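Note that the structure is a prediction, hence the values are computed from the model and not measured. Quick note: residue numbers are just sequence positions, from 1.
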Amino acid sequence: MGASAIHSADDARRLAKRRLPWMVFDYIDGSAGAETGAARNRAALDAATLRPRILRDTSQRSLAVPLFGKTAGRPFGIAPMGMCNLSAPGADLMLARLAARHNIPHGVSTVASTPMEKIIQVAEGNAWFQLYFSGDGSGTFKLVERAKAAGYGTLVVTVDVPEVGRRPRELRHGFKMPFKIGPKQFIDFALHPRWSLTSLAAGKPQMANFDMDGYEFDRTESRARATWDTLKQLRDIWNGNLVVKGVLDAEDAVQLKSEGVDAIQVSSHGARQLESAPAPFAMLPTIRKAVGPDFPLFFDSGLRSGEDALKALQAGADFTFFGRILQFAIAAAGADGLNQLFDVLSDEMSIAMAQIGMTQIGKTP
C-alpha cells in the first residue's frame, strides 16, 4: 500500500508503525510519562464542537491567510521537529518542498538532520528557524547569527524544555542523539529491512546544524539557564519576527507581549515534556483573552485533522501547525504520502468550513 491508502492521519500513523523500527516509531509517537498529557490534548479537541449553519453560499472557499505581512496558502504549517530524516531519508527536504509549494512556514528544528541553509533554499524562503537555548548560551547565540546569515526572517524560541521530558517508550529502546546502534537496535532494524536498507544507503542521520567549531549538541544538557533576560538579549540581536513557542499560561503570555515578541505559540510540545501540563486547546481562549484580539497567536499540539485545526482557529488561534503526523505520512509513502496527507488535511478543513457556513478563515460564519 502506498499514498493512495492514506485517507486520514490515522491511516498514515498505522502504515508508519508497520514500516518504521520500533525505536524510531516510538521516538516520533511517544509522549512524556504515562502519556496522559497526550490523551488530555486529544480529549480536549474531541470534546470541542463546531456550529453547523445552513443555506449559505459556501461554494467559493479560501484557505489562504495573512501571516507576517505575506499570504500563506493554508492556515497551517509544519511544526519544527528534530531528526526528521529518521522517518525516511530526505524527509527534511520533502517538508521544505511542501512549504514552497503552498507558501507555508516550515519550522526548522535546532536538531534538524539537514543544514538550515539547505532547507531554507529548498523551501524558497518559507522556513522559520526554531531555537533551543542550551548550556551557557554561547552556542545558542552562534546559531542565531547563523540563521540570520542564512536569510531566516523568523526565529521561533522554544521555552518549554528547561529539561528534556522523560519519554519511557523511547528510553526502553535506548534511543539517543547522536544516533547509536547497539545489539537491541540492530535486531530492531533487521526486522524492518525496508527502512534499514534505505537509511543505510543514505547514511546515518546526523544533527546537521552542529558543525561549528567548538560546539556540539548534547540533547541531555540542561536548558534551564534561560531567563527573561535571555529573551531580552535575543530580542536585541534579532530584528526579524520573534515567536515564543511553548506557552500555556496567560500571565506569561501577557509578559511576552510586553517584552516585544511578535507572536506567541500556544503549545505543550505535543505533550512530550510535562505530562501534567494542561491541554493547550483548553488554554487557548484564556490566552487569547489575555493578549487581546489582535495579537498574533499560533497553536500546535494534538492536531490530527483539518477539522481539528479549524477548531483551534475558531478558539482564538491565527495560525496552526501540524507535527508528527507529517512524519508518519513520509514514513508510510515518502513524498507522495506527505502530499497525499496534506491534501487530506486541506480537504478536511475546506469541507468543515462549508458545513459551518464559512468561506474565509478568520471571518465568523
Side-chain angles (χ1 to χ4, degrees), residues 1-32 35 38-39 41-42 76-98 106-107 109 111-114 167-175 177 179 181 184-185 187-202 204-205 269-272 300-306 308-309 321-348:
M1 290 187 291
S4 62
I6 298 175
H7 304 287
S8 68
D10 283 345
D11 287 338
R13 181 182 182 276
R14 176 172 43 80
L15 291 170
K17 190 173 184 179
R18 284 187 204 163
R19 296 178 179 178
L20 289 173
W22 306 314
M23 182 180 76
V24 174
F25 177 81
D26 283 341
Y27 165 67
I28 297 170
D29 190 58
S31 300
E35 309 199 34
N41 289 356
R42 191 61 253 164
F76 45 82
I78 302 162
M81 296 174 284
M83 300 292 284
C84 285
N85 286 2
L86 285 173
S87 57
D92 281 329
L93 299 185
M94 295 178 199
L95 292 166
R97 293 183 190 101
L98 182 76
H106 174 191
S109 173
V111 290
S113 36
T114 303
R167 297 190 281 274
R169 270 205 268 166
E170 67 180 56
L171 292 171
R172 291 183 195 112
H173 295 300
F175 185 91
M177 292 194 291
F179 210 43
I181 299 176
K184 184 185 294 186
Q185 291 78 30
I187 293 170
D188 188 4
F189 295 167
L191 292 172
H192 297 87
R194 175 175 172 177
W195 179 92
S196 301
L197 291 172
T198 56
S199 296
L200 181 64
K204 184 173 70 171
H269 214 110
R272 290 168 68 81
D300 73 70
S301 294
L303 300 178
R304 294 292 180 270
S305 69
D308 280 350
F321 291 85
F322 288 102
R324 51 171 68 101
I325 63 172
L326 304 179
Q327 287 200 65
F328 290 148
I330 291 170
D336 289 343
L338 176 63
N339 291 326
Q340 169 71 8
L341 180 59
F342 195 84
D343 288 345
V344 166
L345 297 171
S346 301
D347 287 347
E348 288 171 338

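A donor-acceptor contact shorter than 3.5 Å is absent between the side chain of Arg169 and the backbone of Ser31. Put simply, the side chain of Ser87 never gets that close to the backbone of Ile330: no donor and acceptor are under 3.5 Å apart. Using a distance-only test at 3.5 Å, with no hydrogens or angles considered, a donor-acceptor pair links the side chain of His192 to the main chain of Leu20. Here the side chain of Asp92 pairs no donor or acceptor atom with the backbone of Asn85 at under 3.5 angstrom. Looking at Asp188, its side chain never comes within 3.5 Å of a backbone N or O of Lys184 through a donor-acceptor pair. No donor-acceptor pair closer than 3.5 Å links the side chain of Asn41 to the backbone N or O of Gly302. Checked by atom type and distance alone, the side chain of Arg167 pairs as donor or acceptor with a backbone atom of Arg272 at under 3.5 Å. One N or O on the side chain of Gln340 and one on the backbone of Ile6 form a donor-acceptor pair closer than 3.5 Å. Remark: side-chain polar atoms of Thr198 are paired, donor with acceptor, to backbone N or O of Trp195 under 3.5 angstrom.
Inter-residue side-chain proximity for Leu86 and Ser113 is flagged as unmet; no heavy-atom pair is nearer than 4.5 Å. Between Arg42 and Asp308, the closest side-chain pair of non-hydrogen atoms falls below 4.5 Å. The shortest side-chain heavy-atom distance between Ile325 and Leu345 falls under the 4.5 Å cut-off.
To the nearest 0.5 Å, the span separating CG on Leu326 from CZ on Phe321 amounts to 11.5 Å. Here CE of Met94 is found 10.5 Å from SG of Cys84. Values are rounded to the nearest 0.5 Å. Rounded to the nearest 0.5 Å, atoms NE2 (His106) and CE (Met81) are 6.5 Å apart. The distance from atom CG of Asp347 to atom CZ of Phe342, rounded to the nearest 0.5 Å, is 11.0 Å. The distance from atom CG of Asp343 to atom CG of Leu338, rounded to the nearest 0.5 Å, is 9.5 Å.
Side chains of His173 and Asp26: a donor on one and an acceptor on the other come within 3.5 Å.
Nearest heavy-atom pair, Gly2 versus Ala333, reported as atom, atom and distance to 0.1 Å: C-CB, 3.9 Å. Between Ala190 and Ser196 the shortest heavy-atom distance is N-OG, 4.4 Å. Contact between Leu303 and Ala309 at its shortest, heavy atoms only, is CD2-N, 4.1 Å.
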> Which is it for Arg13 and Arg304 under the side-chain contact (heavy atoms from CB on, under 4.5 Å) test, yes or no, and what are the steps along the way?
Replying inline: CA-CA 10 Å; Arg13 181 182 182 276; Arg304 294 292 180 270; over 6 Å; no
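With respect to Arg324 and Asp300, no salt bridge is recorded, no charged nitrogen being found less than 4.0 Å from a carboxylate O.
Classification of the Phe76-Phe322 ring pair by plane angle, with boundaries at 30° and 60°, yields perpendicular.
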